[in-house]
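The chains referred to below are lettered A, B, ... by the order of the sequence lines, with proteins before strands, and numbering in each begins at 1. Quantities reported herein were computed from a predicted structural model and do not represent experimental measurements.
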Protein chains: 4
Amino acid sequence: MKKRSPPEPGTKTLRERLREETEQALLEAGEQVFAEQGVGGTRIEDISKRAGVAVGTLYNYFEDREELLAALMARRRAELVKVLDEVSEGARGKPWHEEFDAFLRATLTFLEQHRRFFSILVQGEMTAPRHTSAAEKRSGSGLDDVHACAERLVRRGVAEGVLKPEFAALYPALLLGMLRSAIVHDRYTDSPGPLIALMEPFRDFFLKGAGKKR
Amino acid sequence: MKKRSPPEPGTKTLRERLREETEQALLEAGEQVFAEQGVGGTRIEDISKRAGVAVGTLYNYFEDREELLAALMARRRAELVKVLDEVSEGARGKPWHEEFDAFLRATLTFLEQHRRFFSILVQGEMTAPRHTSAAEKRSGSGLDDVHACAERLVRRGVAEGVLKPEFAALYPALLLGMLRSAIVHDRYTDSPGPLIALMEPFRDFFLKGAGKKR
Amino acid sequence: MKKRSPPEPGTKTLRERLREETEQALLEAGEQVFAEQGVGGTRIEDISKRAGVAVGTLYNYFEDREELLAALMARRRAELVKVLDEVSEGARGKPWHEEFDAFLRATLTFLEQHRRFFSILVQGEMTAPRHTSAAEKRSGSGLDDVHACAERLVRRGVAEGVLKPEFAALYPALLLGMLRSAIVHDRYTDSPGPLIALMEPFRDFFLKGAGKKR
Amino acid sequence: MKKRSPPEPGTKTLRERLREETEQALLEAGEQVFAEQGVGGTRIEDISKRAGVAVGTLYNYFEDREELLAALMARRRAELVKVLDEVSEGARGKPWHEEFDAFLRATLTFLEQHRRFFSILVQGEMTAPRHTSAAEKRSGSGLDDVHACAERLVRRGVAEGVLKPEFAALYPALLLGMLRSAIVHDRYTDSPGPLIALMEPFRDFFLKGAGKKR
DNA sequence: TATGAATGAGGCTTCATTCAT
DNA sequence: AATGAATGAAGCCTCATTCAT
C-alpha cells in the first residue's frame with residue numbers, strides 16, 4: 001500500500017528537512033521566550049507564535065511544555081559539552097594553560113551566544129518546578145555534564161602541578177560559579193561590554209586570586 | 001459599652017502582637033513553600049495552609065502574591081545587609097583581613113540558615129515571574145544592596161592595598177558568585193557538610209586563586 | 001487560633017447547608033445536561049451554568065469531569081437500590097407476586113423520574129470512555145448492584161415455585177432488559193404516556209410471555 | 001499519450017476495486033475502533049491507522065467523522081435488515097414459529113458477529129454526540145428499520161393467533177430489548193458462551209414468560 | 001489519489017483574588 | 001479579623017479537518 005522510491009542514501013526528504021527546520025525554529029523560539037519571560041511566565045502559545053507556527057504544531061514536535069524545555073536544555077548543553085570536549089581534545093600535548101585559556105574562551109563565547117539559555121539553566125539549577133516530571137529528570141536539567149568537563153580540566157591542572165591540589169574538589173564549582181558571575185556582573189555594571197572581555201580577569205582571578213602578592 | 005484603657009506607649013496591644021505573629025508565620029511559610037516548590041510553582045493556598053491560616057487571612061496581610069514575595073525578600077535581604085553592616089562596623093580599625101573573614105563567616109552562616117531563601121534570590125535574579133509587576137521592580141527583588149556591601153568590602157581592600165586594583169570592578173560579583181557556588185557545590189558533592197566548612201577554601205581561593213605559586 | 005462555639009449536635013452550619021445545596025444543584029445539573037447532550041458531548045461549563053455557579057465552583061466539589069459523572073451515577077444508583085431494598089423488605093411474609101409488583105412499580109416510577117439518568121446508564125453500560133479511569137471503575141459505573149436486586153427477586157420467585165427454574169440465570173438480565181425497553185418503546189410510539197402504564201403489560205409479559213395459551 | 005480502453009460494462013476497474021477495498025477497510029476499522037473506545041472517545045486518526053491509511057485518505061472517502069459513522073451504521077443495519085427480510089421471505093407459507101425461530105437465530109448470529117456494532121447502536125440510541133448534526137439525524141442512526149422488521153414479525157404472529165394481541169404494540173420493543181439483554185447478560189455471567197445458546201431460553205421466555213404454569 | 005504535517009477552535013482545569021458570613 | 005467557598009480569566013492541550021506535496 002505504501003510504495004515509494006527509496007530515498008537516496010544520505011539525502012534527506014524535503015519533508016525531513018522541513019521537519020528539522022521547524023524543530024529548530026521551535027527550539028530557538030523556546031530559548032528566546034523562556035529567557036525573556038521566565039520559565040514559569042512563558043505561554044506555550046507565545047513560543048509557537050514566535051516560531052511562526054500554530055500551537056498544535058508545537059505539540060506535534062514535543063509531548064508537552066516540559067518536554068520542550070527539557071529538549072531545549074539538553075540540546076544546548078550538548079552543544080557546550082561538545083565544544084568543551086573539542087577543547088580538551090585539541091589541547092592534548094599542549095601545556096595546560098592553553099587548555100585553560102581555550103576553555104574560558106569557549107565558555108565565554110558560548111555564554112555570549114546563549115546568555116538567554118544560560119539564564120534558564122541558572123534558574124533550573126535551583127528551582128523545583130511544580131511537578132518535577134520524569135522527563136525533566138531524564139534530561140538532567142542541571143549542568144552535571146558541564147560540571148564534568150570542568151572537573152576534567154581541573155584534574156589535569158592538578159596532575160600537571162599547575163593547580164594547588166588542596167581544595168581541588170571545589171574548583172570546578174568555583175570555576176563555573178565564576179563564569180556565572182559573568183552574567184550577573186552585566187547587571188551591575190554600566191558598560192555591559194562583550195563577555196569575552198572578561199577572559200583575562202577571569203584567568204587572572206582563577207589562577208592568582210584577588211589578593212595582592214606581597 | 002466597654003471602655004478601653006489607652007495602650008501604654010511602647011507596649012504592644014495583644015492584638016498587635018497577634019498580628020505580628022501571624023505576619024511572621026506567613027513570611028516563614030512563604031519562604032519555605034516558595035523554596036520547596038519554586039516561585040512559579042507555589043500556590044497561595046499552600047502558603048496559607050502552611051502558616052495555619054485561611055487564604056483570606058493572607059490577603060489581609062499582603063495585597064497580593066507579589067507583595068508577599070517582595071516583603072519576604074526585603075525582610076531577609078535586610079537581615080543579611082544588617083549583619084554585613086555590623087561586620088563592617090565591627091571591623092573598623094581592625095585589619096582588612098578580619099573584616100573579610102567576618103564577611104565570609106557571616107554570609108556562609110546566613111546561607112546555611114536560609115539556603116531556601118537564597119535559592120529564591122538566585123531564581124529572582126534571572127527570572128521574570130508570570131506578570132512582573134511594577135511593585136516587584138520597586139521592591140528591588142535582586143541582590144543590589146548585598147552587592148553594595150560586597151563593593152564596600154572590596155573598596156576597602158583595594159584602598160588598603162590588600163587587593164589588586166586591576167580588576168576590582170569585578171570582585172564583588174566574583175565574591176558573590178563564589179558564595180553562590182557554595183550552594184551549587186552541595187549538589188555535586190557526596191558529603192554535603194555544613195557550608196561554614198567552605199570558609200577556608202573560599203578565603204584561600206579568593207585571595208590567592210587556584211594557581212600554584214611557583 | 002480557630003475558636004468557634006461548637007455546633008449544636010445534629011444541627012448543620014449554614015455553610016454546610018449551602019455546601020450540600022450546591023452539591024445537589026451540581027448533580028442535578030449534571031444529570032440534566034449529560035442526558036441532554038450525551039456524556040461525550042457535554043461541556044463542564046454547561047453543567048456549572050445550569051447549576052448557577054462558576055466553573056471553578058464545580059471543581060471545588062468534584063475532582064474532575066469523571067468524578068462528577070461517577071458521583072452522579074453512584075448517587076442515583078444508590079437511590080434505586082435503596083428503594084428496591086425497601087421493596088424487598090416490605091414484602092417479607094407477603095406473597096411473591098406482591099413483591100414483584102412492587103418491584104415493577106418502584107422501578108417504573110424511578111425510571112419515570114430519571115429517564116435522563118437511565119439513559120446515561122444505558123450508555124455507560126456499553127461504552128468504553130477514552131480513558132476508563134480508576135475513579136470510574138471504583139464507582140462501578142454499571143448496573144451491577146441493581147442487577148443484584150433483580151437476582152434476589154428472581155431467586156425468591158424460583159424458591160417459592162412461582163418462576164420456572166429452567167433459565168433462571170437469565171431472568172434478571174431479561175427483567176432489566178424489559179424495563180430498558182420501556183424507555184426505548186417511548187421512542188417508537190406516538191403516545192408516550194407515563195411509564196407506569198407499562199406495569200401491567202410488563203407483568204403479564206414477564207410471567208406469561210407473548211405466546212397465546214392454546 | 002496513453003489511451004485507455006473503455007471499461008467493460010459490468011466490470012470494475014482496478015481503481016474501482018481498490019477504492020472499494022479501502023472503503024471497506026475504513027468501515028471495518030471504524031466499527032472496531034468506535035466499539036473499542038466508544039463513539040465519543042474515538043479519534044479519527046486511530047481509525048485511519050487501524051485501516052492502514054493516512055488521515056487524509058479517510059477524508060477522501062468520507063466527508064467527515066459523522067458521515068463515516070453514519071455510513072458504518074447504515075451499512076451494518078442494512079445487512080441485518082436484509083437478513084431479516086430474507087427470513088421473512090423464506091418463511092412465507094411456513095408456520096409462524098419457524099419464522100420466529102429463524103428471526104431469533106439470524107439476529108443472535110448477527111449479534112455474535114457484530115457485538116461491537118451493536119454496542120454502538122445501543123449507544124447511539126440514547127446519546128447525542130458532541131455536535132449532533134443534521135446529517136446524523138438524517139441517516140437515522142437508530143434501529144428504526146430493524147424495529148420495523150420486528151413489528152412485521154409480531155403482526156404476523158398476532159394475525160395468525162399465535163401471539164396475544166393484548167399488548168402487541170409493545171412486543172417489538174420487548175423482543176429487541178430481550179435481544180439486547182443477550183449482550184448485557186454476557187457481562188454478568190462467568191461463562192460467556194456463544195450467544196446462539198440463548199436461542200432456546202429466549203424463545204421460551206418470549207412465548208411463555210418466566211411464570212410457572214400452574 | 002495518498003500522505004501526514006499544520007492549523008486553531010474549543011474543551012478541561014487551575015488558581016489568584018474577592019467577598020459574604 | 002478570620003474564614004473558605006465562589007469566581008472566572010487564562011493557560012494547557014486535543015483532535016477534527018485542511019492542504020501542500
Ignoring backbone atoms, establish whether [X] has a side-chain N or O less than 4.0 Å from OP1 or OP2 of [N].
X       : N     : value
C/Thr22 : F/dA5 : no
C/Thr57 : F/dA5 : no
D/Asn60 : E/dT1 : no
A/Tyr61 : E/dA6 : yes

Can you name the closest pair of heavy atoms from [X] and [Y] and give their distance?
X       : Y       : result
B/Leu26 : B/Leu68 : O-CD1, 4.4 Å
D/Phe62 : D/Glu23 : CZ-CG, 3.9 Å
C/Phe34 : C/Thr42 : CA-OG1, 3.4 Å

Could you tell me which nucleotide pairs with E/dT21 by Watson-Crick or G-U wobble geometry, both distances under 3.5 Å, or answer none if nothing does?
F/dA2
Look through every strand shown and name the nucleotide pairing with E/dA16 as Watson-Crick or G-U wobble, where both distances are under 3.5 Å.
F/dT7
So what does D/Arg19 hit on the nucleic acid, given a heavy-atom distance under 4.0 Å: a base, only sugar-phosphate, or nothing?
nothing
Starting at atom [atom1] of [X], determine the distance to atom [atom2] of [N], rounded to an integer number of angstrom.
X       : N      : atom1 : atom2 : value
C/Glu21 : F/dA5  : CD    : P     : 15 Å
B/Glu67 : E/dA16 : CD    : P     : 16 Å
B/Phe62 : F/dA1  : CZ    : P     : 14 Å
D/Ile47 : F/dC15 : CD1   : P     : 13 Å
D/Tyr59 : E/dG4  : OH    : C1'   : 13 Å
C/Glu45 : F/dA9  : CD    : C1'   : 11 Å
D/Asp64 : F/dC19 : CG    : P     : 15 Å
C/Leu26 : F/dA5  : CG    : C1'   : 12 Å

Can you tell whether the side chains of D/Glu36 and D/Arg43 come within less than 4.0 Å, N to carboxylate O?
no
Check B/Glu45 with B/Arg65, please: is the shortest side-chain N to carboxylate O separation under 4.0 Å?
no
Side-chain contact check for A/Arg65: nearest option of E/dT17, F/dC12, E/dT13 is F/dC12
C/Val55 side chain: which of F/dA2, F/dA9, E/dC12 is closest?
F/dA9
Want to settle it: does A/Gly56 or B/Gly56 sit nearer the 5' end of DNA chain E, counting the closest nucleotide to each?
A/Gly56
By nearest-heavy-atom nucleotide on DNA chain F, the more 5' of A/Ile44 and C/Val53 is C/Val53
Would you mind telling me which residue lines up with the more 5' stretch of DNA chain F, B/Leu58 or D/Glu63, judged by nearest nucleotide?
B/Leu58
